[in-house]
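Take a look at the structure below.
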Protein chains: 2
Amino acid sequence: MARTTDRAQRGGHSGVSIEDVAAAAGVSTATVSRAVRGLPRVSPATREKILGIAADLGYVASSSASGLATGRTKTIGVLAPFVSRWFFSKAIEGSDRQLHARQYNLSLFNLGGHGSNRERLFSKTMVYKQIDALLVLCMALTHEEIEHLQKIDIPLIVVGGHVEECPYIGIDDYAAAATAVRHLIDLGHTEIALLHGDDETDLNFDVPRVRIQGFQDVMAEAGLNVRKEWDEWGDFTVRSGQDAFHRLWDRPGPKPTAIFCASDEMAMGIIFEATRAGVKIPEDLSVIGIDDHDFSEAMGLTTVRQRPDEQAELATKMLLDELDGIAGSVHSMLAPHELIVRTTTAPPRGAEAAARKGAAPETLIPRAGRP
Amino acid sequence: MARTTDRAQRGGHSGVSIEDVAAAAGVSTATVSRAVRGLPRVSPATREKILGIAADLGYVASSSASGLATGRTKTIGVLAPFVSRWFFSKAIEGSDRQLHARQYNLSLFNLGGHGSNRERLFSKTMVYKQIDALLVLCMALTHEEIEHLQKIDIPLIVVGGHVEECPYIGIDDYAAAATAVRHLIDLGHTEIALLHGDDETDLNFDVPRVRIQGFQDVMAEAGLNVRKEWDEWGDFTVRSGQDAFHRLWDRPGPKPTAIFCASDEMAMGIIFEATRAGVKIPEDLSVIGIDDHDFSEAMGLTTVRQRPDEQAELATKMLLDELDGIAGSVHSMLAPHELIVRTTTAPPRGAEAAARKGAAPETLIPRAGRP
DNA sequence: TTGTAAGCGTTATCAT
DNA sequence: ATGATAACGCTTACAA
């Protein structure tokens with residue numbers, strides 16, 4: 001008989017249950033379940049009635065309950081070393097776009113800022129059994145972690161870098177770096193410095209290495225000398241770019257006429273400090289980065305564009321397709337990159353003739369309060 | 001008797017269940033449950049044995065199951081209009097810090113980019129019954145939404161702006177704006193423009209309004225004239241700052257000697273375009289923002305600092321304390337703000353004498369490819 | 001088309 | 001200190 005459920009006996013949880021709806025509609029919970037989920041086997045009339053009542057009552061299925069019953073949580077996990085950095089926040093937005101469209105939830109696991117207590121992630125209550133699939137953003141994983149992940153076989157994909165044995169989506173870092181360096185060489189530069197990324201924490205693992213390789217190979221191929229003193233590193237942030245500029249310029253000896261930075265943020269750091277030091281961009285120093293950060297256009301930064309949001313969106317789509325039963329949906333794939341020439345690169349002073357468009361008017365940016 | 005569970009009959013979900021552990025340890029599931037959760041009523045010996053076996057088997061409780069049983073999901077929802085903007089990404093990191101420390105998960109609901117299909121959020125399967133508490137980031141909520149939220153009474157708090165009847169944490173926007181404007185006035189400026197935020201989407205609701213009020217009141221109080229033509233708006237992005245600069249400068253008539261921007265990103269847009277147009281900062285134009293964005297120090301931008309990460313961390317702590325049974329933990333609170341004087345502000349040309357430190361050397365930033 | 005009932009994996013109440 | 005056992009709210013064979 002239709003009777004109000006007697007919940008709140010113990011925990012006292014709030015909310016309308018499927019039984020309440022069933023009772024109010026005078027049908028069984030099974031029918032309500034089918035009706036609200038849009039499954040077949042329900043007559044149009046009953047369905048409509050049920051839907052109406054469900055809406056009136058404000059019924060929404062308990063995710064815990066259906067999760068228990070189906071073994072699916074309808075949420076995917078996104079693992080990121082940071083969230084407040086361009087690549088990651090864009091990737092999260094992209095992933096969310098797809099998730100949102102397909103009615104999935106996004107559970108964010110941020111490893112940054114927490115020291116390296118990442119053990120918790122896999123051993124304790126976090127990821128495991130809480131998500132249907134995992135999207136790893138630009139992070140290295142230890143062997144144990146990979147094993148663990150494979151044991152609890154949920155679909156997995158990494159975006160923005162390679163992890164052995166795992167499908168990944170990202171640009172061809174080697175080619176992207178090569179493209180950037182060739183642009184500099186084509187402009188006539190021969191004295192080219194490198195500001196590569198470093199692997200302080202766990203992030204970006206072999207991405208820095210591959211970009212360095214791209215730089216070196218293209219330089220060698222062009223018969224150009226790569227100087228040990230012009231090989232600098234940073235952690236992909238603006239600040240590290242600023243620091244690198246000073247290490248480069250405060251040292252006695254010849255200066256490069258161009259610098260290839262492994263990320264736009266580092267390139268911006270170089271630009272800010274160079275500007276401040278009176279080194280004119282691009283007349284004295286050409287700067288190119290990788291990413292096409294949100295601020296790059298405004299700054300006129302020449303760069304090799306990539307779209308982390310699209311990469312993550314595609315990766316998420318693969319994950320969801322796999323969960324939808326389309327086996328083999330998850331697979332590695334290269335994302336496109338594109339050279340965007342703006343105004344931080346120009347022929348070096350010697351080769352004025354080359355491109356007539358480069359010479360920017362003198363403008364100014366104020367000095368900051370740094371040491 | 002100890003027998004291996006017969007799961008995988010239907011769904012075939014993977015994973016070790018509490019029964020497996022109980023069987024292996026020769027105890028009941030009740031005991032395992034107490035043991036793994038560190039509850040009393042378990043002898044040290046049994047506990048140790050159980051913990052060992054659980055570890056060996058790689059057991060971890062199903063969140064759906066315990067969620068069903070306890071009525072708690074151990075995850076809190078974070079509602080944000082964007083994730084790839086400074087304020088939001090920082091706030092998310094801050095919230096996550098607290099959540100992580102207290103073993104909670106973070107479910108991210110990003111409204112941006114999805115048009116305005118936010119109805120789904122409250123009506124359908126999203127927020128509701130999926131989270132134990134909700135952190136709203138800098139967004140307006142409709143009356144219905146607030147009602148709905150209050151009906152399903154989970155702890156709720158908003159960070160970065162006011163929503164009527166809801167507890168909130170954020171800076172005193174009025175005071176922050178006033179501080180910024182006073183700094184300009186103290187420097188000797190009288191011709192001050194305003195670049196305020198606008199409420200295109202739903203975000204930032206009354207924050208823009210309050211900041212405008214702060215500006216106007218301080219101007220009035222100082223007996224200064226606020227010109228209609230110098231009242232510009234933007235959407236808090238760099239791009240909108242660039243556009244605002246052009247609207248301001250491409251118009252005939254006198255120009256301001258200083259501009260107060262409602263956000264650092266907009267201030268940066270002003271700086272980039274001013275620089276490009278040959279308007280020297282701070283000699284020709286002083287610029288001040290609000291936020292202390294990650295790039296602000298590198299750019300030398302004078303600003304009124306706020307810390308969204310700390311605001312969100314505190315808000316999250318309140319939410320969690322409330323869930324821990326400490327009633328009354330959630331309440332409104334003002335977060336601190338602080339004037340950070342850097343080098344984009346200086347006395348106007350007329351009043352050279354005022355502060356001797358201002359004059360930055362001429363430096364340069366290249367022109368971008370904008371129209 | 002609809003209903004019955006057996007799970008799903010935990011937690012929590014009561015006994016023991 | 002430990003063990004039965006009844007919820008928790010939903011899904012899904014299977015039966016009607």
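Scope of the values below: all heavy atoms of this structure, side chains included, with no hydrogens, waters or symmetry mates. Note on naming: letters A, B, ... go to the chains in the order of the sequence lines (proteins, then strands), and numbering restarts at 1 for each one. Predicted model, so just to flag it, every value in this text is computed and none were measured.
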Checklist entry - Between B:T31 and D:dT2, does any side-chain N or O lie under 4.0 Å from OP1 or OP2? => result no
Checklist entry - Among all residues two or more places apart in sequence or in another chain, which pass the salt bridge (charged side-chain N to carboxylate O under 4.0 Å, His left out) test with A:K74? => result none
Checklist entry - In whole angstroms, how far is the C1' atom of D:dT2 from the CZ atom of B:R47? => result 13 Å
Checklist entry - What integer distance in Å separates A:I18:CD1 from C:dT2:C1'? => result 14 Å
Checklist outcome for this item: Taken to the nearest whole Å, CZ/B:R72 to P/C:dA12 is 11 Å
Checklist entry - Taking only side-chain nitrogens and oxygens of A:S28, does any of them come within less than 4.0 Å of OP1 or OP2 of C:dG3? => result yes
Next on the checklist: Please pick, from D:dG9, D:dT12, C:dT2, the nucleotide with the shortest atom-to-atom distance to any side-chain atom of A:S62.
Outcome noted: D:dG9
Checklist outcome for this item: Rounded to whole Å, the NZ-P distance (A:K129 to C:dG9) equals 8 Å
Checklist entry - With sequence neighbours left out, which residue pairs that include part of residues 318-327 of chain B fulfil the salt bridge (Lys or Arg N to Asp or Glu O under 4.0 Å) condition? => result B:R102-B:D321, B:R102-B:D324, B:K317-B:D321
Checklist entry - Within this structure, what is the CG-to-C1' distance between B:L39 and C:dT11, rounded to whole angstrom? => result 10 Å
Next on the checklist: Run the side-chain hydrogen bond (donor to acceptor under 3.5 Å, both in side chains) test against B:T46 and tell me which residues pass, sequence neighbours left out.
Outcome noted: B:S43
Item to check | Nearest-neighbour nucleotide for the A:A69 side chain, D:dT11, C:dT4, D:dG3 considered | outcome: D:dT11
Item to check | Under the salt bridge (charged side-chain N to carboxylate O under 4.0 Å, His left out) test, residues paired with B:E313 that sit two or more places apart | outcome: B:R97
Checklist entry - Does B:S43 have a side-chain nitrogen or oxygen under 4.0 Å from the phosphate oxygens OP1 or OP2 of D:dT2? => result yes
If you look only at distance, which donor and acceptor atoms sit under 3.5 Å apart when one is on a side chain in residues 34-41 of chain A and the other is two or more places apart or in another chain?
| from | atom 1 | to | atom 2 | distance (Å) |
| --- | --- | --- | --- | --- |
| A:R37 | NE | A:S33 | O | 3.3 |
| A:R37 | NE | A:S33 | OG | 3.4 |
| A:R37 | NH2 | A:S33 | OG | 3.2 |

Checklist entry - Can you tell which of C:dT2, D:dC10, D:dT12 lies closest to the side chain of A:R37? => result D:dT12
Checklist entry - Just checking, any donor-acceptor pair under 3.5 angstrom between side chains of B:S95 and B:T316? => result yes
Checklist outcome for this item: Rounded to whole Å, CD1 of B:I50 lies from P of D:dT2 at a distance of 7 Å
Checklist entry - Quick one: does NZ or CZ of A:R85 land under 6.0 Å from the six-membered ring centre of A:F87, within 45 degrees of the ring axis? => result no
Could you list, one pair per line, each protein nitrogen or oxygen that sits under 3.5 Å from a nitrogen or oxygen of nucleotides 14-16 of chain C, together with the distance?
none

Next on the checklist: Between P on C:dG9 and CD on A:Q130, what's the gap in Å once rounded to a whole number?
Outcome noted: 16 Å
Checklist entry - Closer than 4.0 Å, any side-chain N/O of B:T46 to the OP1 or OP2 of D:dT2? => result yes
Item to check | Separation of atom NZ in A:K74 from atom P in D:dT11, rounded to whole Å | outcome: 11 Å
